[in-house]
Amino acid sequence: MFDRYFRVSERGSTIGREIRGGFATFFTMAYILVLNPIILGTAKDRHGELLDPVQLTTATALVAAVMTVVMGIGGNLPLALAAGLGLNAVVAFQIAPLMSWDDAMGLVVLEGLLICVLVVTGLREAVMHAIPQPLKQAISVGIGLFIAFIGFVDAGFVSRVPDAANTTVPVQLGGSGSLTGWPILVFCLGVLLTAGLLARKVKGAILVSIVAMTVVALVINALADVETWGLTTPEWPDRIVDAPDFGLIGDFSLFGAFSAPEVGVVTVLLLIFTLILSDFFDTMGTVVGISAEAGLLDEDGKVPGLGRVLLIDGAAAVAGGAASASSATSYIESAAGVGEGARTGFANLVTGGLFALALFFTPLLTIVPLQAAAPALVAVGFLMMTQVKHIDWDRYEIAVPAFLTIAVMPFTYSITNGIGAGFLAYVVIQTVLGRAREVHWLLWGTSALFLVYFAIDPVEQLLGVH
């Protein structure tokens, strides 16, 4: 029954691979259960109010569980969803200080509803179909580099050079120019183990590595004097089960921000525009990248059932805002599951089920340190990077936009920025070559929006918005 509904065999997969993929995806994105409450829970709204971290953890796990399962059943893609990194920072540090938390989460709900409207009208899907195939491949490659960079940074293998260093070098090896400490050793061993297992084509290579290095980390933490592991410490918890707290569910005001006396209507509209643009193109890049890596794009480079996938993603943004967990979106870490062989939405049932368990077993499921999970991101980055061979680097009109897409994503730590840079370069170069009429009108429109996005500061100054 599962095979027929999810077309597991038809897509060259097995139930076993889907289960392994579901586990791998969960373990590479389980950090959001810790990170989202930290980001949202440490920011004060205009009235000095803080959100409760326990309630945030429950909201984060609940939205991830429900929407990941919905995507699996409705979209049939191995694409997990949870509170979006970057989007939650915008909500916490840009929106909440201007209004109450209820009003801020109301804007997230509005953003999700507007995205759903764009999907229903066919505009969002049409934009994705208007993108030339080489740019789609470049998006996938750029995401590969981006996700590998995330892995290096999360593990502490790479860190930002403090501004006080007075140097033009932005990042460095380790925390001080060299690799020190047991956690880094766990990460390095994990990368080597994952690479070796992949080279030997071991089934479940990524998941095996995550579990093995978590065990190693547990042993090291018990025997050695480790100063810090970062967000998650690998130690057996005092209690395995903890009761969820649903206090934040439904705690939002849909139009409250428009009536807030301290915030102008233009400011509110610009905030919604920023959320929509980031969510729109982050999701687009993720969906294309994951589908391409899974070999699910058709001969025209289109994603199967794209309309349903995008509608569910928009609904996830609504659910995230309604639960006060910030906008939920598709996760590029789903590539870890694809690397394990997941090709259908059945893997989402596993990932979503684990997030549901996390509602009650958070202390147990968050013992996996980033240093044990991050090697999976590096490995997936390599797998996605292999698509670079499909880009024709001799055609500069394609190669330059592709290069900018690939380079800007990791260098600016943003999928949206990379897509915007590639779109703008493509439109400009085609115009210079006298081929402006060959560019799809939707690419012109989205490129114009990206121009506003990149120039948002002077635009705000012209409009008198501060």
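Position 1 is the first residue of the sequence; numbering continues from there.
- Nearest heavy atom pair, residue Ala421 against residue Val408, reads CB-CG2, 3.9 Å.
- For the atom pair Phe157 CZ and Cys188 SG, the distance stands at 5.0 Å (nearest 0.5 Å).
- Side-chain contact between Val108 and Glu111: present, with at least one pair of heavy atoms (C-beta onward) separated by less than 4.5 Å.
- In this structure, Thr194 OG1 and Ile210 CD1 are separated by 7.5 Å, a value rounded to the nearest 0.5 Å.
- Partners of Arg435 under the salt bridge (Lys or Arg N to Asp or Glu O under 4.0 Å) rule, at least two apart in sequence or in another chain, are Glu397.
- In this structure, the side chain of Ser334 engages the main chain of Ala80 through a donor-acceptor pair within 3.5 Å.
- Shortest non-hydrogen contact noted between Gln371 and Pro183 is CG-O, 3.2 Å.
- In this structure, Thr351 contributes its side chain and Ala347 its backbone to a donor-acceptor pair below 3.5 Å.
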>> Please determine whether side chain to side chain contact (heavy atoms under 4.5 Å, CB included) holds for the pair Phe23 and Val211, giving the CA-CA distance in whole Å, both sets of side-chain angles, and the decisive distance to 0.1 Å.
In response: CA-CA 10 Å; Phe23 269 91; Val211 174; over 6 Å; no
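- In Tyr413, the OH atom is crowded: over 12 heavy atoms of neighbouring residues, nucleotides or ligands sit closer than 6.0 Å.
- Take Asp279 and apply the salt bridge (Lys or Arg N to Asp or Glu O under 4.0 Å) test, not counting sequence neighbours, and it matches no residue.
- With hydrogens and angles disregarded, no donor-acceptor distance shorter than 3.5 Å links the side chain of Ser291 to the backbone of Val288.
- Side-chain atoms of Val153 and Arg160, non-hydrogen and from C-beta on, never get closer than 4.5 Å to each other.
- Using a 4.5 Å cut-off on side-chain heavy atoms (C-beta onward), Leu377 and Phe152 make no contact.
- Atom CD1 in Ile272 sits 4.0 Å away from atom CZ in Phe258 (nearest 0.5 Å).
- By the 6.0 Å contact criterion, CZ on Phe454 is enclosed, its count of non-hydrogen atoms from other residues, nucleotides or ligands being greater than 12.
- No donor-acceptor pair closer than 3.5 Å links the side chain of Ser330 to the backbone N or O of Leu81.
- Across Arg343, Arg7, Glu18, a single residue satisfies side chain to side chain donor-acceptor pair (under 3.5 Å) together with Ser13, and that is Glu18.
- Here the straight-line distance linking atom CG of Leu442 with atom OG of Ser447 works out to 10.5 Å at 0.5 Å rounding.
- Between Leu275 and Ser327 the shortest side-chain heavy-atom distance does not fall below 4.5 Å.
- Remark: Ala407 engages Phe403, Phe411 in a side-chain contact (heavy atoms from CB on, under 4.5 Å) (not counting sequence neighbours).
- Thr386 contributes a side-chain N or O that, together with a main-chain N or O of Leu383, makes up a donor-acceptor pair within less than 3.5 Å.
- At least one donor-acceptor pair under 3.5 Å links the side chain of Thr28 to the backbone N or O of Thr25.
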> For Trp393 and Val388, what are the C-alpha separation, side-chain angles and deciding distance, and is it a side chain to side chain contact (heavy atoms under 4.5 Å, CB included)?
Replying inline: CA-CA 9 Å; Trp393 295 101; Val388 75; 3.4 Å; yes
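- Side-chain contact between Asp392 and Ile398: absent, with no pair of heavy atoms (C-beta onward) separated by less than 4.5 Å.
- Considering every non-hydrogen atom in both Ile206 and Ala376, the closest pair reads CG2-CB, 3.4 Å.
- A search for side-chain contact (heavy atoms from CB on, under 4.5 Å) contacts involving Ala82 returns Met29, Ile32, Ala64, Tyr331, not counting sequence neighbours.
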> How far apart are the C-alpha atoms of Ile406 and Val141, what are their side-chain angles, what is the distance that settles it, and do they pass the side chain to side chain contact (heavy atoms under 4.5 Å, CB included) test?
Replying inline: CA-CA 6 Å; Ile406 293 168; Val141 174; 3.8 Å; yes
> Hey, mind stepping through Val66 and Phe355 against side chain to side chain contact (heavy atoms under 4.5 Å, CB included) and telling me if it holds?
Replying inline: CA-CA 9 Å; Val66 172; Phe355 272 115; over 6 Å; no
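- A distance of 11.5 Å separates CZ of Phe6 from CG of Leu77, quoted to the nearest 0.5 Å.
- Side-chain N or O atoms of Asn348 include one that pairs as donor or acceptor with a backbone N or O of Leu79 at under 3.5 Å.
- Across all their heavy atoms, Ala257 and Leu107 have their closest contact at CB-CD2, 3.8 Å.
- Using a 4.5 Å heavy-atom cutoff, the side chains of Ile73 and Tyr5 are in contact.
- Looking only at distances, no side-chain donor or acceptor of Glu438 sits under 3.5 Å from a matching main-chain atom of Gln430.
- For the pair Pro401 and Ile429, the tightest heavy-atom approach, listed with the atom from each and the gap, is CD-CD1, 3.9 Å.
- Closest approach of Gly144 to Met384, counting heavy atoms only: CA-CB, 3.8 Å.
- Heavy-atom neighbours of Phe423 CZ from other residues, nucleotides or ligands within 6.0 Å: above the threshold of 12.
- A donor-acceptor contact shorter than 3.5 Å is absent between the side chain of Ser253 and the backbone of Asp103.
- Qualifying side-chain contact (heavy atoms from CB on, under 4.5 Å) partners for Ala59, counting only residues two or more places apart in sequence or in other chains: Ile249, Ala323, Ala325.
- Once rounded to the nearest 0.5 Å, the distance linking CD1 of Ile150 with CG of Leu370 reads 11.5 Å.
- For the pair Val158 and Phe149, the minimum side-chain heavy-atom distance is below 4.5 Å.
- Side-chain contact check for Tyr453 and Asn417: at least one donor-acceptor pair (N or O, by modelled atom type) lies under 3.5 Å.
- No side-chain heavy atom of Ile419 sits less than 4.5 Å from a side-chain heavy atom of Thr446.
- Between the side chain of Asp45 and the backbone N or O of Trp101 there is at least one donor-acceptor pair closer than 3.5 Å.
- In terms of the salt bridge (Lys or Arg N to Asp or Glu O under 4.0 Å) criterion, residue partners of Arg20 (sequence neighbours excluded) are, by chain and number, Glu340.
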